[in-house]
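Here the structure comes first, spelled out in structure tokens, and everything after it is commentary.
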2 protein chains.
Amino acid sequence: MATARVSKSANGKAQAAPQALYQRIRADLEEKILSGRWPPGYRIPFEHELVESYNCSRMTVNKVLSGLAAAGIIERKRRVGSFVAKPLVQSAVLHIPDIQAEIAKRGEAYAYELLTRKRRKATKDDLERLGIDKSCDVLVLSCRHIAKGRPFALEERLINLDVVPPASEIDFTRVPPGTWLLGHVPWNEAEHRITASLADDVALKALTLKKPAACLVVERRTWRKNKIITSVRVTYPNDLYQLTARFTPTGLRS
Amino acid sequence: MATARVSKSANGKAQAAPQALYQRIRADLEEKILSGRWPPGYRIPFEHELVESYNCSRMTVNKVLSGLAAAGIIERKRRVGSFVAKPLVQSAVLHIPDIQAEIAKRGEAYAYELLTRKRRKATKDDLERLGIDKSCDVLVLSCRHIAKGRPFALEERLINLDVVPPASEIDFTRVPPGTWLLGHVPWNEAEHRITASLADDVALKALTLKKPAACLVVERRTWRKNKIITSVRVTYPNDLYQLTARFTPTGLRS
DNA sequence: GGACGTCGTATGTCTATACATAATCAGCGG
DNA sequence: CCGCTGATTATGTATAGACATACGACGTCC
């Protein structure tokens, strides 16, 4: 066909969105999906049809469709077509900030306090938390984070010294273990469990709370190549902390 | 140069990972980054260098690098190069399942019960929850989810009837409002607040708990085109529910 | 010596083409 | 009528070449 396309070199794109072509196409398709004009299950036009309507090459629309598929917005089936994905998505991006950074961001005074630090051969319980069989050395830490002079979080942590030998050299009296680990140990995967609980005596004391007190508890295990680096349990007084999660189903889209 | 590359047509790819070339390249680069050989801040080889070492076209490595950049694993700067991103990522994918589906998946009996249903002009408090100024009609619902005969969650919901007029036609005595909304109303964005709290009298009664009881509370607001569709507060007994979030920093990677 | 302009380079985007792959569908033979 | 086979077709992957753009570096001019 070789008809006249807009001739990419013949414009400065003085339009509202002077973006790249494939970005405009993507925005266009997303809009159609989001507005409901293309409901879940709808078969979107074939690549060659989009090529015609946008007057561009198949590589370009392919890039758009691949991106939409990667973001879970559409599903593609060979020989059949591409379809708007079912709403399905029941997940959200959960922001779990560094405690120190979070408090600093609020402009509040931050203090950190190491309560206990023990090195020992892993107990049976430790091994279970770290998901391993054979025994190894672990570092057991307990510390407090303090904001505006009030205890903000109690952190109880187990570090697998087989995976992170250098941790045994750090005394963690000044640097919180989470901060040190984040900066020194690359990781693979993390899992969080978020629960509510009534503070036990240890937590009541560490957080200077009065019974009964509800606390938000975040337990996190962090992997590096199938081995758990560290297992941590952070307890927050319910009135001082909340998790927030924001989700936009349309993929990343800066 | 046009040297002999592996000649894509000359093989059946009987290797360990008979994947596409760009997937193998991506896996390769990810491995280098994850293993720490290419630490954060490291400048990865230029596109043309990767082209040489993998004996492929620039489009192919470009696709890989663009994907890594989109996933936040590397950062790219024109004229400068591509760099391994700082560990930064403090977020996780939080799976917030449909209550009914979740209980069904566990193979437990599920029951649903509508407690109250009121239609009214929005109060000042309602308007604030829905983030709007001018008054409108809202639907106020309260219901219970029951697993294995035991109250599992208390759901208190506000629906903006200006955004979802058809909701006023539904009586929600059989279908949970969350399930109905998910299936009928496309949405844009959602925000969650996760907190712990001591159950108040309403919650104690609805969930048949004894004082004092800690509960996990998930508040969610869901948008469609800058308008809040619904605002919901779900309260779970601490011993019956926990949120889990799993995170793999290496982007999606099916 | 400092402001400024030119050039080189790495990434960003797009095209035209090619072949591979998977799945559907029609047609054929048993 | 059923099942197999081959044609058709949409997507998947890859290539080479081209031009655009941003930005650092270097050199020039005043």
Side-chain angles (χ1 to χ4, degrees), chain A residues 1-15 17-27 29 42-70 73-85 254, chain B residues 1-15 17-27 29 42-70 73-85 254:
Chain A
M1 36 103 169
T3 44
R5 79 161 291 254
V6 189
S7 176
K8 64 179 187 307
S9 58
N11 57 6
K13 278 301 172 37
Q15 301 160 11
Q19 304 175 331
L21 175 57
Y22 81 88
Q23 288 174 334
R24 294 200 304 110
I25 297 176
R26 170 152 179 175
L29 299 188
Y42 180 88
R43 205 218 75 221
I44 74 177
F46 295 126
E47 291 191 351
H48 70 265
E49 294 175 311
L50 293 173
V51 163
E52 280 228 350
S53 56
Y54 287 103
N55 239 266
C56 64
S57 79
R58 191 169 81 94
M59 275 301 290
T60 303
V61 312
N62 185 284
K63 179 169 183 179
V64 172
L65 296 184
S66 299
L68 288 171
I73 300 172
I74 67 173
E75 283 170 14
R76 315 198 70 188
K77 279 206 299 203
R78 281 191 161 162
R79 159 72 229 218
V80 183
S82 302
F83 301 84
V84 177
S254 67
Chain B
M1 36 103 173
T3 43
R5 80 162 291 254
V6 188
S7 175
K8 64 181 189 301
S9 58
N11 58 5
K13 276 306 174 35
Q15 300 159 12
Q19 304 175 330
L21 175 55
Y22 83 87
Q23 288 175 335
R24 294 201 303 108
I25 297 177
R26 170 153 179 172
L29 299 188
Y42 180 88
R43 206 217 74 222
I44 74 178
F46 295 125
E47 290 192 350
H48 71 263
E49 294 175 311
L50 293 172
V51 163
E52 280 227 349
S53 56
Y54 287 103
N55 240 267
C56 64
S57 79
R58 191 169 81 92
M59 276 299 290
T60 303
V61 312
N62 183 284
K63 180 169 182 176
V64 173
L65 295 184
S66 299
L68 289 171
I73 299 172
I74 67 173
E75 283 171 14
R76 315 196 71 186
K77 278 206 301 203
R78 281 194 161 164
R79 156 76 226 211
V80 183
S82 302
F83 301 84
V84 177
S254 70

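The sequence lines fix the lettering, A, B, ..., with proteins before strands; numbering per chain opens at 1. Here the structure is a predicted model, which means the values were calculated and not measured.
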Which nucleotide in the set [options] lies at the smallest distance from any side-chain heavy atom of [X]?
{"X": "A:Arg78", "options": "D:dT21, D:dA16, C:dT21", "answer": "C:dT21"}
{"X": "A:Asn62", "options": "C:dA16, D:dA16, D:dG12", "answer": "D:dG12"}
{"X": "A:Ala20", "options": "D:dG12, C:dA16, C:dC14", "answer": "C:dC14"}
{"X": "A:Lys63", "options": "C:dT13, D:dT11, D:dT15", "answer": "C:dT13"}
{"X": "A:Glu47", "options": "C:dT24, D:dT11, C:dT11", "answer": "D:dT11"}

Roughly how many Å is it from [atom1] in [X] to [atom2] in [N], rounded to a whole number?
{"X": "A:Glu49", "N": "D:dT9", "atom1": "CD", "atom2": "C1'", "result": "12 Å"}
{"X": "B:Leu65", "N": "C:dT13", "atom1": "CG", "atom2": "P", "result": "13 Å"}
{"X": "B:Asn55", "N": "D:dA14", "atom1": "CG", "atom2": "C1'", "result": "13 Å"}
{"X": "A:Arg43", "N": "C:dT24", "atom1": "CZ", "atom2": "P", "result": "15 Å"}
{"X": "B:Ile44", "N": "C:dT11", "atom1": "CD1", "atom2": "C1'", "result": "12 Å"}
{"X": "A:Met59", "N": "D:dG12", "atom1": "CE", "atom2": "P", "result": "12 Å"}
{"X": "B:Glu75", "N": "C:dT11", "atom1": "CD", "atom2": "P", "result": "14 Å"}
{"X": "B:His48", "N": "D:dG17", "atom1": "NE2", "atom2": "C1'", "result": "17 Å"}

Tell me whether the OP1 or OP2 atom of D:dA10 has a side-chain N or O from A:Ser82 closer than 4.0 Å.
-> no
Report task. State whether B:Thr60 places a side-chain N or O below 4.0 Å from either non-bridging phosphate oxygen (OP1 or OP2) of D:dT13. Result ->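 Checking B:Thr60 against D:dT13: no side-chain N or O falls below 4.0 Å of OP1 or OP2.
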| D:dT8 base / A:Arg79 side chain donor-acceptor hit below 3.5 Å |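 Yes.
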Worksheet item: What about A:Arg58, does its side chain sit under 3.5 Å from the base of C:dT17 through a donor-acceptor pair?
Response: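 Flag unset: no donor-acceptor pair detected.
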Nearest heavy-atom contact between A:Ile25 and A:Cys56 is CD1-SG, 4.0 Å
- Where the side chain of B:Ser66 meets the backbone of B:Asn62, is there a donor-acceptor pair that is under 3.5 Å apart?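 Here the side-chain-to-backbone pair exists.
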By ring pair (Phe, Tyr, Trp, His ring centres under 6.0 Å), B:Phe83 pairs with (sequence neighbours left out) none
Within the 4.0 Å heavy-atom criterion, would you say B:Ser66 contacts the bases, only the backbone, or no part of the nucleic acid?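 Contact class for B:Ser66: none.
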Decide, yes or no, whether a salt bridge links B:Glu47 with B:Arg76 under the criterion of side-chain N to carboxylate O below 4.0 Å.
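Looking at B:Glu47 and B:Arg76, the cut-off is met.
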*asked:* Assess whether a salt bridge exists between A:Arg58 and A:Glu49, defined as any Lys/Arg side-chain N lying under 4.0 Å from an Asp/Glu carboxylate O.
replied: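 A:Glu49 and A:Arg58: not salt-bridged.
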